Number of protein chains: 2
Amino acid sequence: MRKGDHAQARARRADAAAVVRADPSGREAGIDTPRMYAGTSRRGRPPGTSARELELISLRLFSQGGFDDTTVERIAAAAGVSRRTFFRYFDSKADVLWHAFDGEVRRLRDAFAAVPASVPLMDAIRQVVVGANLYRAEDVPELRTRMNLIGSIPALQASAAHHYDAWERAVSDFAASRLGQDAQSLYPLAIGRATLAVCRAAYDRWVERADSSLTVYLDQALRALAAGFDPAGLAPQPGERPHSGR
Amino acid sequence: MRKGDHAQARARRADAAAVVRADPSGREAGIDTPRMYAGTSRRGRPPGTSARELELISLRLFSQGGFDDTTVERIAAAAGVSRRTFFRYFDSKADVLWHAFDGEVRRLRDAFAAVPASVPLMDAIRQVVVGANLYRAEDVPELRTRMNLIGSIPALQASAAHHYDAWERAVSDFAASRLGQDAQSLYPLAIGRATLAVCRAAYDRWVERADSSLTVYLDQALRALAAGFDPAGLAPQPGERPHSGR
DNA sequence: CGTTAATCGTCACCCTGTGACGTAATCAAG
DNA sequence: CTTGATTACGTCACAGGGTGACGATTAACG
């Protein structure tokens with residue numbers, strides 16, 4: 001490392017931090033990845049950035065310049081950090097956008113554990129999933145831009161599989177316990193995946209058209225799933241033309 | 001290009017072709033990608049290989065040495081072709097394993113077009129999907145190794161999204177026409193994705209345990225979907241212990 | 001034989017992701 | 001204050017995936 005590099009790095013970091021603080025989400029740093037600060041400062045050198053900061057910077061750069069044309073080099077530079085450090089916080093360039101999603105899996109599992117046994121299987125799944133998707137109004141814009149990117153960039157859809165897996169397993173495990181079967185057997189597996197499938201449909205609709213709340217779409221999709229997609233209950237949504245030329 | 005390279009290349013190609021002909025599938029070349037020969041030989045230089053040949057060689061090398069440790073360099077060398085040429089036949093290293101899957105989408109669309117309007121929506125989907133998965137016995141081993149790779153290597157699961165998309169749309173389009181709605185609206189979208197979801201569950205079960213025919217698993221999964229996963233009809237499969245310690 | 005069309009090989013290049021190794025910053029113990 | 005332990009960081013080198021440009025090959029056509 002040469003001599004004046006650190007002064008410059010600090011200067012860049014100050015700029016980047018200002019950008020983060022000016023972010024409309026208002027949420028502060030939060031969870032760090034390399035060693036997760038728990039309030040009390042630990043032993044060694046303090047982290048020069050945070051997963052949350054990198055997430056916000058990436059989100060901004062991706063929205064401006066596109067995912068593929070935004071190199072990790074640029075993201076790291078905007079955060080005042082080296083390229084190598086970025087990959088210490090995230091395993092891949094795409095993972096930065098799934099940071100928040102991974103948190104939902106935990107919420108999902110907790111909620112499943114709290115469902116009384118009296119609630120029927122598919123009703124329980126619907127309630128839990130809808131409940132895990134109640135976002136505060138101030139968090140919605142960020143969620144929307146993130147899902148917009150995920151829905152439109154192929155490289156991000158490719159990275160989805162890994163993250164969806166944990167989500168599906170949360171549902172499969174619950175279904176397995178209810179059915180008294182193994183989580184890897186056919187029906188629990190199918191239920192977990194089908195649940196995610198219809199939720200993704202709901203998400204896509206919501207991203208594309210801001211005409212309704214996300215939870216409404218989720219609820220509709222999950223009800224349809226539990227009804228076996230009976231055409232009798234599948235009326236076209238308000239604002240949609242029945243029949244159409246594609 | 002230096003002088004003696006072509007003689008060497010031809011020699012390597014002869015070896016590779018022998019390997020392909022010795023393949024148990026017995027199926028010959030078939031569809032080429034760069035310009036799809038239609039029986040009559042066309043204008044310029046004839047292709048030095050075929051997508052099918054690259055597919056078989058890749059499948060063998062992946063099974064032997066693993067996906068990540070098998071470089072495109074090695075595959076191309078085994079086919080007697082340059083690295084660059086491999087990427088003229090396939091857009092990515094992973095795509096080589098999805099070559100056959102993409103063909104299923106066409107079969108799917110054709111079958112949907114032939115379904116009489118009297119068959120209820122979900123019944124039609126089940127029959128068409130099961131019908132599109134009737135494989136000849138001699139093709140099953142290759143299918144199984146391919147699905148085994150796809151199910152176990154993360155890099156391949158990542159590439160799945162793009163190929164699944166076309167499959168889902170085939171189902172969504174059919175559902176949309178039956179419901180008189182747009183294919184991008186909530187229910188058709190949800191039906192297409194949920195259908196694929198349960199089929200993937202069936203495939204996974206089938207790959208993991210050779211205890212039953214693929215079509216049986218598919219039929220069971222699709223019937224469960226059409227029944228809204230009513231627990232009354234979800235008895236554990238034969239050979240599976242109800243309850244278990246995971 | 002010259003032209004045209006299609007494929008292929010070589011080369012150069014960018015980007016992602018990783019391992020190795022030394023450095024920087026903090027806390028704790030002496 | 002010094003020393004050691006600990007944690008994060010930067011630099012460097014490298015392998016591999018994927019792409020564009022350009023010339024060389026091979027065959028059909030006229």
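This one's a predicted model, so the numbers in the text were calculated from it and none came from an experiment. The sequence lines fix the lettering, A, B, ..., with proteins before strands; numbering per chain opens at 1.
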Chemist: Does A/Gln157 reach the main-chain N or O of A/Gly151 with its side chain, forming a donor-acceptor pair under 3.5 Å?
Modeler: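 Indeed, once roles are kept as given, a pair shorter than 3.5 Å links the two residues.
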Chemist: What string of B, S and - do you get for nucleotides 12-19 of chain C, 5' to 3', if B is base contact, S is sugar-phosphate-only contact and - is no contact with any protein heavy atom under 4.0 Å?
Modeler: ---SBBBB
Chemist: Any base atoms under 4.0 Å from B/Thr85, or only sugar-phosphate, or nothing? Heavy atoms, all strands.
Modeler: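 Sugar-phosphate contact only.
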Chemist: With sequence neighbours left out, write down each residue that passes ring pair (Phe, Tyr, Trp, His ring centres under 6.0 Å) with A/Phe67, or none if nothing qualifies.
Modeler: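 A/Phe67 satisfies ring pair (Phe, Tyr, Trp, His ring centres under 6.0 Å) with A/Phe62 once adjacent residues are dropped.
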Chemist: Could you check how far OH of B/Tyr89 sits from C1' of D/dG18, rounded to whole Å?
Modeler: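 After rounding, the reported distance stands at 18 Å.
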Chemist: Nearest whole angstrom, please: distance from the C1' of C/dA5 to the CZ of B/Arg45.
Modeler: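 These atoms are roughly 13 Å apart.
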Chemist: What's the shortest heavy-atom distance between B/Leu54 and B/Ala79, and which atoms?
Modeler: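 Heavy-atom minimum between the residues: CD2-CB, 3.5 Å.
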Chemist: Can you sort out the partners of B/Trp98 under ring pair (Phe, Tyr, Trp, His ring centres under 6.0 Å), two or more places apart, ordered by chain and number?
Modeler: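 Counting only residues at least two positions away or on another chain, B/Trp98 forms a ring pair (Phe, Tyr, Trp, His ring centres under 6.0 Å) with B/Phe101, B/His163, B/Tyr164.
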Chemist: Taking only nitrogen or oxygen atoms into account, show me every contact under 3.5 Å that the protein makes with nucleotides 3-5 of chain D, one pair per line with its distance.
Modeler:
{"residue": "D/dA5", "atom": "N3", "partner": "A/Arg43", "partner atom": "NH1", "Å": "3.3"}

Chemist: Hey, does the side chain of A/Arg169 reach the backbone of A/Gly192 with a donor-acceptor pair shorter than 3.5 angstrom?
Modeler: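 Between the backbone of A/Gly192 and the side chain of A/Arg169 there is no qualifying donor-acceptor contact (under 3.5 Å).
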Chemist: Donor-acceptor pair, B/Tyr135 side chain versus B/Leu214 backbone, under 3.5 Å?
Modeler: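 Between the backbone of B/Leu214 and the side chain of B/Tyr135 there is no qualifying donor-acceptor contact (under 3.5 Å).
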Chemist: Can you list the residues that meet the salt bridge (charged side-chain N to carboxylate O under 4.0 Å, His left out) rule with A/Asp204, with sequence neighbours excluded?
Modeler: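 Salt bridge (charged side-chain N to carboxylate O under 4.0 Å, His left out) list for A/Asp204, sorted by chain: B/Arg193.
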Chemist: Mind checking side-chain contact (heavy atoms from CB on, under 4.5 Å) for B/His162 and listing every partner two or more places apart, or none if nothing turns up?
Modeler: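 Counting only residues at least two positions away or on another chain, B/His162 forms no side-chain contact (heavy atoms from CB on, under 4.5 Å).
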